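These notes concern the structure reproduced below.
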Amino acid sequence: MLEALGIGLSYGATPALRRIDLTLAAGSRTALMGPSGSGKSSLLHCLAGILVPDRGRVMFDGQDLTGLSDRERSALRLRHMGVVFQFGDLVPELTLIENVMLPLQLLGVKRAAARASARDLLGELGVADVADSRTGAVSGGQAQRAAVARALVHEPRVVLADEPTGSLDTVNAEAVLDAMVALSTRMGVALVVVTHDNLVASHLDDLVVLRDGMLDLSAREAVG
Amino acid sequence: MSTSTTLLALLEPGPAHGYTLKRNFDQWFGRRRPLAFGQVYSTLARLTRDGLADQIEVEAGHGPDRRLYRITPDGAAAVDDWVFTPQPAEVFATSTLYARVTVALLSGRDVTDVLARQREAHLRRMRELQAARRQATGAVLLAVTYELAHLDADLRWIEESGTRLDTVRRHLDRTGGGHA
Ligand SMILES: Nc1ncnc2c1ncn2[C@@H]1O[C@H](COP(=O)(O)OP(=O)(O)OP(=O)(O)O)[C@@H](O)[C@H]1O
Ligand SMILES: [Mg+2]
């Protein structure tokens, strides 16, 4: 469903990814681990079509993302992907529920229906009580959970989440991962979760480890 | 885990027969390794001899199953003592993993591979435990999350060791500690 074919990426002179090959099947659940600076966020952003690699291709359902215009990639991402950013990117002027409604509204869903779906999802992620608070008035962990809800609300093909539980304690992280896994099963969504936390990784079926911009093949279990 | 003290503690709510004790023990503590009946009765005999439990009733003409055991005040004190005395923290170190990694290092074997294999085994078990945790309640939830937390600690050490290998190898080379 989503595939990286020999992708490489540099920031100026800094190589961040070197020849990464990775195949993610529909409905699969993969943890992406590795030391700080190993290229996890860079890889996730390439898979999401937010960054275009310098070399190689990223295929989504047989379509080469690197050959699309920015606008085409954004449209494809809006419809088929959900992204949770490492440092959050909820719109601060909006409430949590308004943030979660956004993808649906951009896809043309009516306001009332979008609100109902968003509220359900915030409930499943345990933050229904702060749904009407502004992003700046909730805790880091509550904002992260809203970001996860926003990534799932339109039932995409794949959710790419960068440390979605970085601000959560073990028990709350567990609840978020339980919800993500349950929702991904119900919706048939594939998950890619960047994490430093083995407990988070143990919710997912496959493990991919990055080291210095390369896949650590010794740590990589057979995918699929 | 002290089997005899946990068995004794199961008598605290009230007197019980050997088979009830075994059933309770298996439910709370013996999910992986149920207790043998023989061990239940030998343990109860020892506890009785030591004055930590006693028999309050033997129905004539029946087998050993009819004996009812009761905890004594000394027994309750022994449970108190066991529960509240912290264990020496050293017992929580799993030394076999450390030993295997060290032997690999000293003998020039592929340590990265040793660590990778163990990580895979740990993660496989952790995935099973996560699945069990989602269904678990009560004491099982505590048992499952205890095991998860310990495997997590091992994995963190495995990961960390991977990034320390170069430093450790350089030191071994300098001091002639290994043939790698
Ligand atoms: N915008 C940027 N400009 C220049 N260099 C960058 C930029 N973003 C990342 N890098 C570099 O690229 C490499 C990979 O970074 P990346 O953010 O992908 O790592 P990461 O694995 O996500 O790390 P962390 O666990 O700390 O989030 C690092 O060396 C980093 O310094
Ligand atoms: Mg990152």
Side-chain angles (χ1 to χ4, degrees), chain A residues 28-40 124 126 163 165-166 168-186 191 193-224, chain B residues 92 94 97 100-101 104-105 108-169 180:
Chain A
S28 60
R29 293 195 273 258
T30 306
L32 181 53
M33 300 185 83
S36 200
S38 58
K40 303 181 297 296
E124 294 206 46
E163 311 239 18
T165 59
L168 296 174
D169 58 81
T170 303
V171 174
N172 280 299
E174 184 178 283
V176 169
L177 262 297
D178 280 350
M180 286 179 80
V181 168
L183 289 162
S184 94
T185 306
R186 201 164 77 211
L191 296 178
V193 180
V194 172
T195 183
H196 286 282
D197 183 342
N198 302 301
L199 287 167
V200 168
S202 68
H203 286 262
L204 305 156
D205 308 316
D206 300 315
L207 171 68
V208 171
V209 178
L210 274 182
R211 257 176 242 293
D212 297 329
M214 288 182 286
L215 293 184
D216 178 346
L217 294 173
S218 73
R220 192 180 167 197
E221 298 161 275
V223 172
Chain B
F92 295 97
T94 55
L97 177 55
R100 284 173 47 230
V101 169
L105 252 176
R109 289 182 167 86
D110 185 350
V111 184
T112 310
D113 192 38
V114 175
L115 294 172
R117 285 165 191 245
Q118 194 61 52
R119 168 162 54 195
E120 206 179 314
H122 267 54
L123 261 181
R124 202 175 317 120
R125 176 68 185 150
M126 287 171 80
R127 291 190 188 112
E128 284 169 21
L129 288 166
Q130 291 289 11
R133 181 192 51 75
R134 293 190 190 109
Q135 320 290 328
T137 50
V140 175
L141 183 59
L142 293 180
V144 166
T145 51
Y146 178 86
E147 192 177 341
L148 271 170
H150 281 248
L151 292 172
D152 175 37
D154 285 350
L155 273 187
R156 272 181 281 147
W157 179 78
I158 286 171
E159 183 58 34
E160 183 189 315
S161 299
T163 64
R164 288 192 209 277
L165 277 182
D166 286 344
T167 318
V168 174
R169 281 203 191 98

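Values in this document were obtained by computation on a predicted structure and should not be read as measured data. Every chain is numbered from 1 and lettered A, B, ... according to where its sequence line falls, protein lines coming before strand lines. Side-chain atoms are counted along with the backbone in the values below, which use heavy atoms only and exclude waters and symmetry mates.
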Which region of [X], side chain (C-beta onward) or backbone (N, CA, C, O), has a non-hydrogen atom less than 4.5 Å from a non-hydrogen atom of chain A, or is it both or neither?
X	result
B/Glu128	neither
B/Asp113	neither
B/Arg117	neither

Notebook entry, point to check: Taking the side chain as C-beta and beyond, is there a heavy-atom pair between B/Arg119 and A/Asn198 under 4.5 Å?
Noted result: no

With the side chain counted from C-beta on, respond yes when B/Arg134 and A/Val181 share a heavy-atom pair under 4.5 Å apart, and no when they do not. yes

Exercise. Does CG belonging to B/Asp110 count more than 12 external heavy atoms closer than 6.0 Å?
Worked result: yes

Around B/Arg125, counting heavy atoms of other residues, nucleotides and ligands shown, do more than 12 lie under 6.0 Å from its CZ? yes

When the 4.5 angstrom heavy-atom criterion is applied to A/Leu204 and chain B, the contacting part is backbone

In short, A/Ser202 meets B/Met126 closest at the heavy-atom pair CB-CB, 3.5 Å

Check your understanding: Short question: side chain of A/Glu174, backbone of B/Gln130 - any donor-acceptor pair under 3.5 Å?
Key -> no

Separation between CG (B/Asp152) and CG (A/Asp197), nearest 0.5 Å, reads 6.0 Å

dist A/Asp205:CG -> B/Leu123:CG (nearest 0.5 Å) comes out at 11.0 Å

So the ring pair (Phe, Tyr, Trp, His ring centres under 6.0 Å) pairs with at least one residue in residues 116-146 of chain B (sequence neighbours excluded) are B/Tyr146-B/His150

Sorted by chain and number, sequence neighbours left out, salt bridge (charged side-chain N to carboxylate O under 4.0 Å, His left out) with B/Arg100 holds for none

